Amino acid sequence: MEDWRLNGQEKYLQGATLYKIVFPQFWLKAFAERNTFYDMIADRAHRFAEQMQRGGEYLEGNKLRHFFHVHCEFCMEKVITDKECEFYCTTDMQHWVCSECFNDFKERFGWNVVQNEGESGE
Ligand SMILES: [Zn+2]
């Protein structure tokens, strides 16, 4: 029987290149450097506040992280930016996979994990 978590992810995740992301460090670094990951969340936050006419108080500083709402593509686990955890994401950061699903499916999907050079700076 097929794993319940599989639902056509092959279309966008087969053979994908993934970044390994470690929180909370990844967010803290993004926040400090105002890098592309930070910009992505900030952009979303500002659009939300504008459209909904609320949430403006969360646009300040580190609270922006509350606008990051993504889930594992397989088990729907929420990606948390302020606790210690590991996730994997596509290089455009549109698709996220939790470490458990990553380990369960890495062979089937043939993922290639690379260092996130733009964000790590090490
Ligand atoms: Zn998962």
Side-chain angles (χ1 to χ4, degrees):
M1 208 177 97
E2 280 278 274
D3 192 300
W4 65 271
R5 292 171 292 179
L6 291 169
N7 183 28
Q9 292 95 337
E10 293 86 357
K11 288 196 278 293
Y12 51 91
L13 283 175
Q14 188 69 51
T17 297
L18 302 179
Y19 290 142
K20 181 178 181 178
I21 305 289
V22 180
F23 289 114
Q25 292 92 324
F26 187 74
W27 164 257
L28 295 175
K29 188 170 171 60
F31 181 64
E33 295 179 359
R34 300 294 195 267
N35 63 19
T36 46
F37 181 65
Y38 176 88
D39 284 344
M40 190 176 91
I41 298 176
D43 186 53
R44 196 173 298 175
H46 285 277
R47 259 184 291 145
F48 176 88
E50 217 167 88
Q51 283 169 13
M52 306 301 285
Q53 301 288 307
R54 62 187 174 90
E57 67 273 26
Y58 287 105
L59 298 179
E60 296 300 319
N62 207 6
K63 289 179 184 166
L64 264 182
R65 62 163 47 158
H66 296 296
F67 285 94
F68 185 59
H69 287 160
V70 298
H71 296 262
C72 172
E73 294 288 342
F74 294 93
C75 70
M76 301 307 284
E77 180 180 324
K78 191 173 188 301
V79 180
I80 307 275
T81 57
D82 56 357
K83 285 207 198 97
E84 285 213 15
C85 53
E86 274 179 23
F87 283 87
Y88 293 82
C89 72
T90 51
T91 53
D92 61 4
M93 297 192 169
Q94 295 303 305
H95 302 290
W96 291 70
V97 180
C98 75
S99 54
E100 191 181 333
C101 293
F102 175 82
N103 284 316
D104 289 348
F105 297 127
K106 62 186 175 191
E107 273 143 37
R108 179 187 179 118
F109 280 82
W111 288 321
N112 175 34
V113 177
V114 298
Q115 179 82 20
N116 182 354
E117 287 168 23
E119 313 290 341
S120 92
E122 283 165 18

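Values below: every heavy atom of this structure, side chains too, minus hydrogens, waters and symmetry copies. What you are looking at is a predicted structure, and each value in this text was computed from that prediction instead of being measured. Both ligands and their constituent atoms are indexed starting at 1 by order of listing. Numbering of residues begins at 1 and proceeds along the displayed sequence.
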*Taking the Zn ion (ligand 1) as the center, what protein N, O or S atoms are found at less than 2.8 Å?*
Cys72 SG, Cys75 SG, Cys98 SG, Cys101 SG
*asked:* Can you confirm if the aromatic rings of Trp111 and Phe102 lie within a centre distance of less than 6.0 Å?
replied: yes
Atom pairs and distances, donor-acceptor, side-chain atoms in residues 10-18, under 3.5 Å, two or more places apart:
from	atom 1	to	atom 2	distance (Å)
Tyr12	OH	Glu73	OE1	2.9
Gln14	NE2	Arg108	O	3.2
Gln14	NE2	Phe109	O	3.2

*Using the six-membered ring wherever Trp is involved, compare the ring planes of Phe37 and Phe23 and label them parallel, tilted or perpendicular (cut-offs 30° and 60°).*
tilted
*Using the test salt bridge (charged side-chain N to carboxylate O under 4.0 Å, His left out), find all partners of Lys20 that sit at least two apart in sequence or belong to another chain.*
Glu86
_Pairs meeting criterion side-chain hydrogen bond (donor to acceptor under 3.5 Å, both in side chains) with involvement of residues 45-54, two or more places apart_ = Asp43-Arg47
*In terms of the angle between their ring planes, are Phe31 and Trp27 parallel, tilted or perpendicular, with boundaries placed at 30° and 60°?*
parallel
